[in-house]
Novice: 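Take this structure, written in structure tokens, and hold onto it; I'll ask about it next.
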Amino acid sequence: MSSQTTNPKPLPGWSMPLAGAVGGVVEILTMYPTDIAKTRMQLEAGKSQGMVKILSDIARKEGFARLYRGLAAPLTMEAPKRAVKFAANDYWGKTYKYMAGTTEMTQALSLATGCTAGATESFVVTPFELIKIRLQDKTSTFKGPLDVIKRTIQSDGLLGMYAGMEATFWRHFWWNGGYFGVIFQIRSHLPKTETNSGKLLNNFTAGTIGGLCGTVLNTPFDVVKSRIQGTVKVPGVVPKYNWTYPSLILVAREEGIKSLFKGFIPKATRLGPGGGILLLVVDFTINQMRKIMGPPYV
């Protein structure tokens with residue numbers, strides 16, 4: 001094949017957001033129950049039960065359907081969230097390469113791109129995260145997503161739906177930085193392959209490792225985000241958990257450093273393999289688009 005026919009054909013601008021949305025929906029349908037366990041662990045002060053015990057207790061005492069309680073909010077969020085994630089990553093990647101005067105992605109640019117994409121994503125996901133957290137809490141009295149929205153706006157105003165925005169910002173900033181930064185590094189060390197199965201395996205491997213590294217970085221921020229969003233404000237009472245970094249110090253002082261990693265196992269169980277599933281489905285969707293839209297090379 002000549003050098004004039006080896007460049008991938010550019011896809012429309014909407015292709016990456018669509019692929020990200022498809023990947024996100026597949027990932028959340030596969031891994032959601034682990035998110036329930038993660039939230040329950042993070043909302044409890046003191047020692048928590050293990051993931052398997054929590055999930056089995058929920059299924060036995062509250063019913064199997066409870067394992068998917070709150071799914072409507074993240075499922076509704078997942079398409080725009082992942083679309084924004086991958087669209088922002090694509091946009092900021094191109095922007096940073098242009099600013100650096102290079103056409104090649106580097107480790108530093110990949111890390112900066114991931115962090116900025118995560119910050120962008122946080123503005124979209126905060127209200128959905130708040131709904132999910134308040135429904136997942138075992139003490140929740142909310143009837144469903146619309147009840148959370150109604151009661152939150154009644155008590156705190158429209159901006160009440162953005163409680164925990166600052167913590168969500170930092171959670172996504174660090175997770176995306178770790179995820180996309182590590183994916184770049186892992187891909188550069190994996191053996192090159194020309195087969196579709198080999199490429200899929202490489203993507204799953206890179207995505208899984210990236211997801212695990214992102215989870216290590218952002219779990220403490222996720223713990224305090226859950227505490228902030230899980231607290232219904234009482235007029236005249238200053239919330240115990242309010243701002244991210246002071247809350248990190250407060251949890252570490254009162255409950256120990258280990259408490260900042262509450263829910264790590266179910267979170268890693270979801271976002272490790274989940275990160276692999278996400279990247280695999282995104283790349284698969286992009287490849288299918290190339291096939292549908294004509295010759296893959298120009």
Side-chain angles (χ1 to χ4, degrees), residues 10-28 31 74 76-100 102-129 132 162 164-188 203-204 206-222 225 244 267 270-272 274-286 289:
L11 289 170
W14 49 261
S15 58
M16 186 57 74
L18 178 59
V22 173
V25 169
V26 172
E27 185 271 333
I28 198 169
M31 308 300 294
T76 303
M77 168 187 73
E78 203 63 23
K81 170 185 171 181
R82 300 305 187 184
V84 169
K85 177 194 291 291
F86 282 90
N89 193 68
D90 187 54
Y91 170 80
W92 289 113
K94 292 175 180 176
T95 300
Y96 286 139
K97 284 191 289 186
Y98 175 78
M99 291 171 62
T102 180
T103 58
E104 298 295 327
M105 182 61 73
T106 65
Q107 180 66 61
L109 290 179
S110 180
L111 181 61
T113 296
C115 288
T116 312
T120 305
E121 178 189 15
S122 68
F123 288 93
V124 176
V125 307
T126 299
F128 297 96
E129 280 288 316
K132 177 177 71 73
Y162 276 85
M165 172 69 223
E166 182 243 2
T168 304
F169 174 95
W170 288 115
R171 185 185 80 153
H172 286 267
F173 180 92
W174 291 116
W175 194 87
N176 281 267
Y179 181 65
F180 287 110
V182 169
I183 283 174
F184 177 87
Q185 190 67 22
I186 295 299
R187 277 176 163 169
S188 68
N203 284 334
F204 183 77
T208 299
I209 297 173
L212 287 171
C213 290
T215 301
V216 171
L217 284 174
N218 94 329
T219 295
F221 299 92
D222 195 32
K225 183 197 77 69
T244 303
K267 187 175 169 69
R270 177 188 173 188
L271 295 178
I277 292 170
L278 177 62
L279 191 62
L280 190 153
V281 174
V282 167
D283 280 8
F284 176 81
T285 305
I286 288 292
M289 288 181 187

Novice: Looking at every heavy atom in both Met105 and Thr113, which two are closest together, and how far apart are they?
Specialist: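 Residues Met105 and Thr113, closest heavy atoms: CE-OG1, 4.1 Å.
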Novice: So, for Gly181 and Gln107, which heavy atoms are closest and what is the spacing to 0.1 Å?
Specialist: O-NE2, 2.9 Å
Novice: Measure from the side-chain N and O atoms of Ser188 to the backbone N and O of Gln185, and report whether any donor-acceptor pair falls under 3.5 Å.
Specialist: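 Yes; judged by distance alone, with no hydrogens or angles, the pair exists.
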Novice: Could you name each residue pair satisfying side chain to side chain donor-acceptor pair (under 3.5 Å) that touches residues 165-174, not counting sequence neighbours?
Specialist: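 Qualifying pairs, neighbours excluded: Glu121-His172, Glu129-Arg171, Glu166-Thr244, Arg171-Asp222.
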Novice: Give a yes or no on whether Phe284 atom CZ has more than 12 heavy-atom contacts from other residues, nucleotides or ligands under 6.0 Å away.
Specialist: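 No, because the 6.0 Å sphere around CZ of Phe284 holds 12 heavy atoms or fewer from other groups.
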Novice: Enter the distance from Phe169:CZ to Thr120:OG1 here, rounded to the nearest 0.5 Å.
Specialist: 8.5 Å
Novice: Is a side-chain N or O of Thr219 found less than 3.5 angstrom from the main chain of Val216, in a donor-acceptor match?
Specialist: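 No, because the side chain of Thr219 does not come within donor-acceptor range (under 3.5 Å) of the backbone of Val216.
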Novice: Can you measure from OG1 (Thr208) to OH (Tyr179) and round to the nearest 0.5 angstrom?
Specialist: 8.0 Å
Novice: What is the distance from atom OG of Ser110 to atom CH2 of Trp92, rounded to the nearest 0.5 Å?
Specialist: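 Interatomic distance, Ser110 OG to Trp92 CH2, rounded to 0.5 Å: 15.5 Å.
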Novice: Once rounded to the nearest 0.5 Å, what's the spacing between atom CG of Asn218 and atom CZ of Phe173?
Specialist: 12.0 Å
Novice: If you apply the rule side chain to side chain contact (heavy atoms under 4.5 Å, CB included), what do you find for Ile209 with Cys213, and how did you get there?
Specialist: CA-CA 6 Å; Ile209 297 173; Cys213 290; 4.3 Å; yes
Novice: Do Tyr96 and Thr116 have a side chain donor and acceptor closer than 3.5 Å?
Specialist: yes
Novice: Filter on salt bridge (charged side-chain N to carboxylate O under 4.0 Å, His left out), then keep only pairs touching residues 174-187, sequence neighbours left out; what's left?
Specialist: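 Qualifying pairs, neighbours excluded: Arg187-Asp283.
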Novice: Does a side-chain heavy-atom distance below 4.5 Å link Leu111 with Phe180?
Specialist: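 In short, these two side chains do not touch, never coming nearer than 4.5 Å.
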